[in-house]
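Here the structure comes first, spelled out in structure tokens, and everything after it is commentary.
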There are 2 protein chains.
Amino acid sequence: MNYTIIDIANISGVSKSTVSRVISNSGYVSPAAREKVLTAIEKLQYKPNAVARAMVSRHTKNIGVIIYRQHHPIASHPFYGKILDAILEKASELGYSIFVMTDKEITSKSADFLLEKRVDGLILISRLNQELIDYFKSSQIPFVMVNGTSDDSNVIHLVNDDERGGELAAEHMLSLGLTRIAVFAGPQEHRSHFLRLKGFRKTYSQNGYEVDENHIYYADSSQFEEGYKAFQSIWERSHNLQAIFATNDMIALGVIKAIYEKGMQVPKDIAVVGFDDIDYAAMSNPSLTTVHSAKTRMGHEAVLMLDEWIHGNTRQTKMQMFTPELKIRNSTKIEIMEGLS
Amino acid sequence: MNYTIIDIANISGVSKSTVSRVISNSGYVSPAAREKVLTAIEKLQYKPNAVARAMVSRHTKNIGVIIYRQHHPIASHPFYGKILDAILEKASELGYSIFVMTDKEITSKSADFLLEKRVDGLILISRLNQELIDYFKSSQIPFVMVNGTSDDSNVIHLVNDDERGGELAAEHMLSLGLTRIAVFAGPQEHRSHFLRLKGFRKTYSQNGYEVDENHIYYADSSQFEEGYKAFQSIWERSHNLQAIFATNDMIALGVIKAIYEKGMQVPKDIAVVGFDDIDYAAMSNPSLTTVHSAKTRMGHEAVLMLDEWIHGNTRQTKMQMFTPELKIRNSTKIEIMEGLS
DNA sequence: GATCGGCGTGGGAACCTTCCCACATATAGG
DNA sequence: CCTATATGTGGGAAGGTTCCCACGCCGATC
């Protein structure tokens with residue numbers, strides 16, 4: 001069914017070595033021989049067997065991407081999926097194929113699977129624990145972490161400067177005079193949510209406003225439903241909120257929906273600021289003011305750095321941090337509040 | 001760096017054949033020998049080399065997924081990404097690894113790449129042309145098409161019953177007495193958009209209302225921006241619309257946004273119906289009435305059918321059609337219009 | 001006590017490629 | 001004319017596994 005290099009050799013009347021040289025474009029091959037081989041390849045629609053090639057060359061040109069996440073969606077997630085899209089794009093440019101796996105549990109199971117497939121490297125997305133990080137380190141496989149947790153400065157990881165992002169959100173809200181606020185924070189064991197909240201509180205604090213712990217709602221997950229439900233619960237505690245900061249856009253979108261269902265409007269009654277700048281932030285009604293995180297750049301850079309490692313080069317700085325950017329949209333389009341506190 | 005079956009054999013004092021039998025759990029192995037081998041495997045953290053295995057067994061347990069699509073997002077697309085998520089899930093259940101590729105052009109380029117990697121089968125998502133379908137047929141590789149175009153009844157393809165979906169949308173709108181309507185249709189060369197429009201018009205027609213060709217806007221793409229821009233253009237032509245049907249949710253969401261920016265409200269001034277039931281349909285403000293398409297089921301079924309083919313079984317019915325379902329939400333929550341035309 | 005089947009084990013070929021080495025021819029330099 | 005170098009070609013080993021076949025042992029059957 002599939003032809004081999006030997007078939008091509010026989011048809012074109014040369015040895016398999018010569019065919020190999022033609023395919024890999026290396027060594028000496030006479031124009032006549034090359035011509036004959038090329039015609040035979042074309043005629044039989046011969047495709048070199050990458051499995052056999054990997055067998056001898058000891059590398060597959062395959063990269064594994066594992067997204068650690070408990071809830072759907074995963075690939076179609078507006079944040080993680082966006083990173084994946086960027087990975088796919090850059091990998092294709094560099095000639096890699098990508099295995100995508102999703103894993104609900106933070107264990108080595110998926111990775112072992114891909115390790116058996118002999119991938120050249122691994123890209124790990126989202127939070128994983130130190131035990132797993134140590135496992136990857138000991139396995140000798142080149143790997144990079146995207147948007148994950150690690151204080152281990154020896155591990156390549158690409159993250160958003162979430163603390164700075166939190167500050168940006170706070171600065172914006174402060175500039176609008178919004179001081180009666182609430183925060184809807186995603187799971188604090190996740191680096192991003194933790195730092196976003198931290199930066200936000202710090203900035204408010206530095207400006208003389210402590211964020212009341214009673215006005216911080218800690219969500220169990222970072223999903224839409226969480227923001228939606230959470231708003232009801234916090235609303236009962238405090239009726240005179242001016243604004244809400246959510247540590248990601250999905251939560252913010254859930255909050256907006258809940259606000260409208262209570263018969264209020266954004267930003268007229270309550271302003272909302274999100275984080276991530278997922279595609280829907282711009283599309284939502286009203287469009288959502290948010291902090292842009294470098295999803296595409298993280299994905300591209302992850303592949304680039306992994307590729308370097310695979311080729312034996314490593315950079316000095318293992319940690320790459322991307323600067324976030326504030327995107328002001330309609331959900332905070334208000335007159336500046338004055339003299340209120 | 002990586003141990004081989006021979007290393008395990010040497011350590012445990014048996015032959016490589018015995019180790020192979022232990023790993024594959026086949027043939028006769030004495031409990032004593034099995035025990036020794038297992039300990040050695042555990043001790044060395046031996047991982048069988050799937051590349052070598054694929055070499056001899058002639059199958060890789062890898063499946064390629066190619067998403068043919070010109071515009072970003074792809075993996076993170078609320079429709080295609082959702083299918084991909086389902087594929088990933090089911091594949092993992094069945095022990096397959098998934099190569100994901102995206103291709104902007106409808107050529108055999110990506111497929112050739114995966115064919116070289118010797119995938120066991122291919123899942124092709126979205127529209128492709130007959131030439132390419134013929135190419136896959138001639139390549140002998142098991143493949144299934146998801147949400148693609150094909151009149152070739154010999155090709156396995158999974159589609160949504162889009163025509164019926166168009167009817168459902170029309171029936172709902174008619175039941176609300178909405179007759180002054182406009183349609184925003186995605187690219188007509190795409191089977192889905194074509195059939196959705198067809199079913200919709202047919203139903204209106206059967207009820208005595210022809211959809212005026214002047215009130216159909218044919219969009220160049222099926223994206224948010226398209227719906228957004230399109231509304232402005234159609235709005236100038238007709239100021240007294242009661243409702244809009246868009247052939248997918250992204251376009252519908254764009255329309256809603258444009259409606260609000262013109263100072264009107266949904267559904268009070270104009271009702272909107274979409275198609276697909278992407279996650280954001282439920283989250284949007286107002287929530288979007290839409291026709292649910294079986295994204296997850298299509299993804300699951302695609303893997304299942306491909307797996308059957310890989311194992312040499314094929315079903316009689318190559319074409320599997322999924323019945324759509326109307327999801328009534330707030331974007332059509334109106335008093336029934338009476339006596340208007 | 002020879003034969004037979006079940007059990008347990010090991011050796012070797014095969015899968016398809018790359019890479020190294022050996023060999024052949026032609027050309028140039030001394 | 002002989003050697004050195006460039007060009008061109010082919011053979012064989014290696015890479016790690018599976019699978020087939022052969023072989024040895026044991027207990028049961030005739």
Side-chain angles (χ1 to χ4, degrees), chain A residues 1-38 40-41 44-62 95 97 112-120, chain B residues 1-38 40-41 44-62 95 97 112-120:
Chain A
M1 193 164 113
N2 269 315
Y3 297 103
T4 74
I5 209 170
I6 308 268
D7 297 318
I8 302 297
N10 291 338
I11 292 195
S12 41
V14 298
S15 73
K16 61 177 175 34
S17 303
T18 301
V19 177
S20 175
R21 276 187 288 262
V22 171
I23 293 169
S24 62
N25 231 315
S26 67
Y28 298 110
V29 183
S30 65
R34 159 165 283 116
E35 191 55 40
K36 279 187 291 182
V37 169
L38 256 16
I41 288 177
L44 297 192
Q45 286 277 330
Y46 163 76
K47 290 185 181 56
N49 184 328
V51 174
R53 180 176 290 168
M55 183 87 235
V56 20
S57 73
R58 325 283 304 254
H59 49 81
T60 54
K61 271 280 182 179
N62 295 159
S97 298
D112 284 337
F113 210 75
L114 292 175
L115 254 21
E116 288 194 9
K117 303 273 179 166
R118 297 299 192 260
V119 290
D120 292 344
Chain B
M1 193 163 115
N2 269 315
Y3 296 102
T4 75
I5 208 170
I6 307 266
D7 297 319
I8 303 296
N10 291 340
I11 292 195
S12 41
V14 298
S15 73
K16 62 178 176 32
S17 303
T18 302
V19 177
S20 176
R21 276 187 288 263
V22 171
I23 293 170
S24 63
N25 231 315
S26 67
Y28 298 111
V29 183
S30 67
R34 159 166 283 116
E35 189 55 40
K36 280 187 292 181
V37 170
L38 256 17
I41 287 177
L44 297 192
Q45 287 276 331
Y46 163 76
K47 289 186 183 56
N49 184 329
V51 174
R53 180 175 290 168
M55 184 88 236
V56 22
S57 72
R58 326 282 305 255
H59 49 80
T60 52
K61 271 280 182 180
N62 295 159
S97 298
D112 283 337
F113 210 74
L114 292 175
L115 254 21
E116 288 194 11
K117 303 273 181 168
R118 295 300 190 260
V119 290
D120 291 345

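Every chain is numbered from 1 and lettered A, B, ... according to where its sequence line falls, protein lines coming before strand lines. Computation of the quantities below employed the complete heavy-atom set of this structure, encompassing side-chain atoms and omitting hydrogens, waters and symmetry-equivalent molecules.
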Who pairs with [X] by side chain to side chain contact (heavy atoms under 4.5 Å, CB included), at least two apart in sequence or on another chain?
| X | value |
| --- | --- |
| B:S57 | B:R53, B:H59 |
| B:F113 | A:S97, B:M101, B:K117 |
| A:A33 | A:V14, A:T18, A:V29, A:S30 |
| B:D112 | A:K47, B:S108, B:L115, B:Y135 |

message: Of all nucleotides in DNA chain D that come within under 4.0 Å of a heavy atom of chain B, which is furthest toward the 5' end and which toward the 3' end?
response: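 Using the under 4.0 Å cut-off, the span is D:dG16 to D:dC19.
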message: Within residues 45-58 of chain B, which residues have any heavy atom lying less than 4.0 Å from an atom of DNA chain C?
response: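 Contacting residues: B:M55, B:V56, B:R58.
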query: Taking DNA chain C as the partner, which of residues 4-31 of chain A come within under 4.0 angstrom of it by heavy atom?
result: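 Within this stretch, A:T4, A:I5, A:K16, A:S17, A:S20 sit under 4.0 Å of the strand.
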task: List for me each residue that meets side-chain hydrogen bond (donor to acceptor under 3.5 Å, both in side chains) alongside A:T60, sequence neighbours excluded, and say none if there are none.
output: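 By the side-chain hydrogen bond (donor to acceptor under 3.5 Å, both in side chains) rule, A:T60 matches A:D120.
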- request: Only pairs at least two apart or in different chains count here, so list each salt bridge (charged side-chain N to carboxylate O under 4.0 Å, His left out) that has a residue in residues 15-33 of chain A.
  value: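 Applying salt bridge (charged side-chain N to carboxylate O under 4.0 Å, His left out) to every pair that reaches into residues 15-33 of chain A, excluding sequence neighbours, yields nothing.
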Interatomic spacing from [atom1] in [X] to [atom2] in [Y] - rounded to 0.5 Å:
| X | Y | atom1 | atom2 | value |
| --- | --- | --- | --- | --- |
| B:R58 | A:N49 | CZ | CG | 8.5 Å |
| B:N2 | B:L44 | CG | CG | 11.0 Å |
| A:N10 | A:S15 | CG | OG | 10.5 Å |

task: With axes from five pairs an end, tell me the bend angle of the helix from C:dG1-D:dC30 to C:dG30-D:dC1, nearest 10°.
output: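 One end's axis against the other's: 60°.
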message: Quick check: do A:L114 and A:N62 have side-chain heavy atoms less than 4.5 Å from each other?
response: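 Of all side-chain heavy-atom pairs linking A:N62 with A:L114, none is under 4.5 Å.
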message: Quick one, B:I5 and B:Y46 - any side-chain contact, counting heavy atoms below 4.5 Å?
response: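 Yes, at least one pair of side-chain atoms sits under 4.5 Å.
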field: Short side-chain to backbone donor-acceptor contact, A:D7 and A:T4, under 3.5 Å
entry: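 At least one qualifying donor-acceptor pair exists.
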